Each structure stands twice: as structure tokens, then as C-alpha cells.
Amino acid sequence: MELTDALFGYEHLLQRLFSEGGRLASAVVAAQSHENLSPVAGHQILSAISNAQLSVSGAIGHMAEGHRQLEFMAQKLGIDPEAFGDVIKRPNSARGATPIGLAA
């Protein structure tokens, strides 16, 4: 159970991070539009945020691969593979999470 809690906790943090990056990008666009931020400065900031978002998105993809590896390992060890795979039994700690927090 500790492994699944840690796995889902880590994924939840990555999803929150990605969400905050989107919120930051939106705030930059709003500042650029409403606060007369230089288009050049705005572009550089959006480019930096986009690069960070690509890294976070890649990390989320790596975690999806981790699910598949854990599912395979669980089958070999006789552990319920649904505890780690794409069809997931959510741990108790994830039951109160928002829908975006539950996306795998």
C-alpha cells in the first residue's frame, strides 16, 4: 500500500505542477494584454513556461510507463496488478482528490 500511495502522490504533484504552469501561462497572457507588457518580454516568458511544461508532461508520460512496469512486475509476483496498472484501484488517500488529481 505504501508503494501505491507514493506513486499516486507523486503523480498528483506532477499534475498539480502542470496545472500551475497553465495558470502561470494564462497570467502572463493576461498581463501582456492588460498591463501593456512588451510582446518580446511576454514571448520569452511564455517560451520558458512552455519548455517547463514540456518537461513536466514528459515526466507524466514516464510515470505512465512506470505504471505499466509495476503492473507487469505485480503479475509476476502474484500481486493484484490492478493496484498499479491503467485500470486502477485508487488508494484510500486518493479518494478525496479532485478529478484532475485522479487522471492517470
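As the structure is a prediction and not an experimental result, all values here were calculated from the model. Starting from 1, each residue takes its place in the sequence as its number.
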All pairs passing salt bridge (Lys or Arg N to Asp or Glu O under 4.0 Å) where residues 46-55 contributes a residue, at least two apart: none

- request: Grab the two heavy atoms, one from L14 and one from V56, that are nearest each other, plus how far apart they are.
  value: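 Closest heavy-atom pair between L14 and V56: O-CG1, 3.6 Å.
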
- prompt: Any sub-3.5 Å donor-acceptor pair from Q53's side-chain atoms to F18's backbone N or O?
  reply: yes

task: Could I get the full list of side-chain contact (heavy atoms from CB on, under 4.5 Å) partners for E65, not counting sequence neighbours?
output: R68, Q69

query: By side-chain contact (heavy atoms from CB on, under 4.5 Å), which residues pair with L46, not counting sequence neighbours?
result: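 Partners of L46 under the side-chain contact (heavy atoms from CB on, under 4.5 Å) test: A25, V28, V29, Q32.
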
- request: Enter the distance from F72:CZ to K76:NZ here, rounded to the nearest 0.5 Å.
  value: 4.0 Å

- prompt: If two hydrophobic side chains count as joined below 4.5 Å and joins carry through other members, does L13 share a cluster with I60?
  reply: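 Hydrophobic grouping puts L13 apart from I60.
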
Single-linkage hydrophobic cluster L17~Y10, side-chain heavy atoms < 4.5 angstrom: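 They do share one cluster, since a chain of ILVMFWY contacts under 4.5 Å joins L17 to Y10.
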
- prompt: Should S55 and N51 be marked as a side-chain contact (heavy atoms from CB on, under 4.5 Å) after you check the CA-CA gap, both sets of side-chain angles, and the distance that decides it?
  reply: CA-CA 6 Å; S55 294; N51 287 332; 6.0 Å; no

